[in-house]
Amino acid sequence: MTDTDAIPQPAGRTLWRGARLATLADPAGWGWIERGAIVTAGDAITWVGAESELPRDAGVTAEVDLGGAVVTPGLVDCHTHLVYAGDRAAEFELRLQGASYEAIARAGGGIRSTVAATRAADEAALFAAARRRALALRAEGVTTLEIKSGYGLALEHEARCLRVARRLGRELPLTVRTTCLAAHALPPEFDGRADDYVDAVCTWLPVLHADGLVDAVDAFCERIAFTPAQTRRVFEAARALGLPVKLHAEQLSDQGGAALAAAFGALSCDHLEYLSDAGIAAMARAGTVAVLLPGAFYFLRETKLPPVDALRAAGVPIALATDHNPGSSPTLSPLLMLNMACTLFRLTPEEALRGVTVHGARALGLHDRGRLAAGLRADFVAWGVEHPRELAYAFGQRPACRVVQGGREEPLR
Ligand code: NIG
Ligand code: FE
């Protein structure tokens, strides 16, 4: 079987029975249904409930027995930098010898070294590497994936990376949302001319958007990247195109980035270790999602924790993501992020699962997924566990799973 061969799909309405459902359908609780079932038609869920309550007129034409598996919504990895070449294992060694992430970046390593490798790679090689990574995420239950550019940092190279991301969405059984992160770092040809680079980025956005390559716009607002004033100019260019914004905010210091992003109605602010009370209040007012990235926190050996209690108290939805990238979070395991969010950030297992489902979807502006309910997309995962809290508990174990995306189960590879 090649990986384009699908498992034979039942036509018409399919009853997925023998499921123990964690629907996450309500604002709190697992939404647990012990002997549950789902009916799908095409790519949509038409009914969810206890098997004993299946309506006679559900119109079921085929059945799949899930054998008592725990079924959750498909996972949404709402923050990745999946398209790049090379790796940063040597930089990892340098950091272990005492060099800091910031110092390496200031010396021209870090993101810039990945930019050099990415520019030197051909598009087919970029695609092959990104495809392998996307399939690894999918094998752990991911059905929706955000991919940022940001290792091209020139119009032609940013376009190439975004094209690779779009192609992944066309060729793999995954929804891919693209984010233009051209304002990720200053490329060497703009040394000492950050404002000129931001001007250039603002002229690239309409071109990339016209080519259908951009679903959202992101920036890295940090002392080693772009100032709030420069970030604002990128956001204004995004707003002029009607594109939603997101921000790498308050990762290494408090730049007031979250409040700025919230003023632009940002979908999400991500990282947030140094987030202030004012930033939290602004995000709460704007309905901006807080995306926590425990992989980067762990791998950079950060000690300042994101303000989880204050985010909860303010009612800011908390999402989690892998932040897969070669420098600060070279992981391809969303379940490891659940575990780290609980052990490092003290999220509950239920909060962690919401973070990679309903809140992850919201961080991408997607309201048709992330929960199991009639009318939503038929994206779900059947896990070989007894209770959904085990998804956050065991780490590095990769429980068996079956992934249904858009009502279709495809082989996992
Ligand atoms: O999300 N913070 C900025 N961007 C990435 C890291 C990029 C890199 O180091 O290559 C992040 O952590
Ligand atoms: Fe990131």
Side-chain angles (χ1 to χ4, degrees), residues 2-4 74-89 91 110-182 184-185 187 208 211-218 220 246 248 270 291 293 295-296 299 321-337 356 360 364 403 405 410-413:
T2 69
D3 45 311
T4 49
L75 305 191
V76 178
D77 193 352
C78 69
H79 180 143
T80 83
H81 308 247
L82 210 76
V83 180
Y84 61 86
D87 68 69
R88 305 249 286 281
E91 176 183 317
I111 294 173
R112 274 193 181 186
S113 65
T114 302
V115 171
T118 303
R119 288 178 176 182
D122 67 35
E123 195 163 326
L126 284 176
F127 179 77
R131 179 177 180 280
R132 181 187 59 74
R133 296 174 194 130
L135 288 174
L137 291 171
R138 190 174 173 277
E140 226 176 80
V142 171
T143 50
T144 299
L145 174 61
E146 185 251 20
I147 300 179
K148 301 176 195 296
S149 65
Y151 293 120
L153 310 188
L155 177 58
E156 114 192 61
H157 292 286
E158 288 289 296
R160 233 156 55 103
C161 295
L162 291 166
R163 273 200 306 271
V164 164
R166 279 279 187 254
R167 185 174 158 205
L168 290 171
R170 281 195 306 274
E171 296 189 12
L172 299 183
L174 279 170
T175 300
V176 171
R177 301 292 285 178
T178 59
T179 299
C180 180
L181 177 58
H184 192 197
L208 296 167
D211 285 345
L213 293 173
V214 185
D215 296 323
V217 173
D218 195 348
F220 187 17
K246 311 169 78 67
H248 282 70
D270 304 38
V291 179
L293 304 168
F299 197 62
T322 62
D323 191 17
H324 175 85
N325 75 75
S328 69
S329 191
T331 178
L332 289 166
S333 175
L335 294 186
L336 181 59
M337 299 306 102
V356 289
L364 298 177
V403 179
Q405 202 262 357
E410 309 268 354
L412 279 178
R413 51 165 90 202

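Treat the numbers as computed from the prediction; the structure is a model and nothing was measured. Positions are given from 1 along the sequence.
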- Task: Check whether any side-chain heavy atom of Thr178 lies under 4.5 Å from a side-chain heavy atom of Arg166, and answer yes or no.
- Result: yes

- Can you name the salt bridge (charged side-chain N to carboxylate O under 4.0 Å, His left out) partners of Arg160, sequence neighbours left out? none

- In this structure, which one of Val76, Asp215, Leu145 forms a side chain to side chain contact (heavy atoms under 4.5 Å, CB included) with Leu364? Val76

- Message: Can you list everything that forms a salt bridge (charged side-chain N to carboxylate O under 4.0 Å, His left out) with Arg133? Sequence neighbours excluded, please.
- Response: none

Give every donor-acceptor pair under 3.5 Å between a side-chain atom in residues 150-157 and any protein atom, sequence neighbours left out.
none

- Task: Determine the minimum heavy-atom distance between Gly327 and Glu91, stating which atoms define it.
- Result: O-OE2, 4.3 Å

- What salt bridge (Lys or Arg N to Asp or Glu O under 4.0 Å) pairs are there with at least one residue in residues 77-86, not counting sequence neighbours? none

- Task: Tell me, please, which residues at least two apart from Phe127 pass side-chain contact (heavy atoms from CB on, under 4.5 Å).
- Result: Arg131, Val164, Arg167, Leu168, Glu171

- Query: With a 4.5 Å heavy-atom cut-off, do Val142 and Thr322 have their side chains touching?
  - Reply: no

- Kindly indicate whether the side chain of Asp87, heavy atoms from C-beta on, has any atom under 4.5 Å from the side chain of Pro330. no

- Item | 4.5 Å side-chain heavy-atom contact, His184 and Ile111 | yes

- Task: Take Leu293 and Ser329 through the test side chain to side chain contact (heavy atoms under 4.5 Å, CB included) and record every step on the way to the result.
- Result: CA-CA 9 Å; Leu293 304 168; Ser329 191; over 6 Å; no

- Go through the structure and list residues passing side-chain contact (heavy atoms from CB on, under 4.5 Å) with Ala121, not counting sequence neighbours. Ala85, Leu126

- Which residues satisfy the side-chain contact (heavy atoms from CB on, under 4.5 Å) test with Ala159, sequence neighbours excluded? Arg163, Leu208, Leu213

- Indicate the atoms forming the closest heavy-atom contact of Pro187 with Arg119, along with that distance. CB-NH2, 3.6 Å

- Note: Thr179 and Leu162 closest approach over all heavy atoms is O-CD2, 3.8 Å

- Task: Under the side-chain hydrogen bond (donor to acceptor under 3.5 Å, both in side chains) rule, collect the residues that match up with His79, sequence neighbours excluded.
- Result: His81, His248, Asp270, Asp323

- Residues forming a side-chain hydrogen bond (donor to acceptor under 3.5 Å, both in side chains) with Thr118, sequence neighbours excluded: none

- Closest contact, heavy atoms only, Cys180 versus Glu158: SG-OE1, 4.2 Å

- Message: Is there a side-chain contact between Leu332 and Leu82 in this structure, where contact means two heavy atoms from C-beta onward sitting under 4.5 Å apart?
- Response: yes

- Query: So, for Tyr84 and Ala129, which heavy atoms are closest and what is the spacing to 0.1 Å?
  - Reply: O-CB, 4.4 Å

- Mark yes or no for whether Ser149, through its side chain, and Leu181, through its backbone, hold a donor-acceptor pair below 3.5 Å. yes

- Message: Could you walk me through whether Arg138 and Leu172 satisfy the side chain to side chain contact (heavy atoms under 4.5 Å, CB included) test, starting with their C-alpha distance in whole Å, then the side-chain angles of each, then the deciding distance to 0.1 Å, before giving a yes or no?
- Response: CA-CA 9 Å; Arg138 190 174 173 277; Leu172 299 183; 5.6 Å; no

- Message: I'd like to check the side-chain hydrogen bond (donor to acceptor under 3.5 Å, both in side chains) partners of Thr80; sequence neighbours left out, ordered by chain and number.
- Response: none

- Message: Taking salt bridge (charged side-chain N to carboxylate O under 4.0 Å, His left out) as the definition, give me every residue that meets it alongside Glu146, ordered by chain and number, with sequence neighbours left out.
- Response: Lys148

- Between Leu137 and Pro334, which heavy-atom pair has the shortest distance, and what is it? CD2-CD, 3.9 Å

- Message: For Thr175, give me all partners under side-chain hydrogen bond (donor to acceptor under 3.5 Å, both in side chains), at least two apart in sequence or on another chain.
- Response: Arg369, Gln405

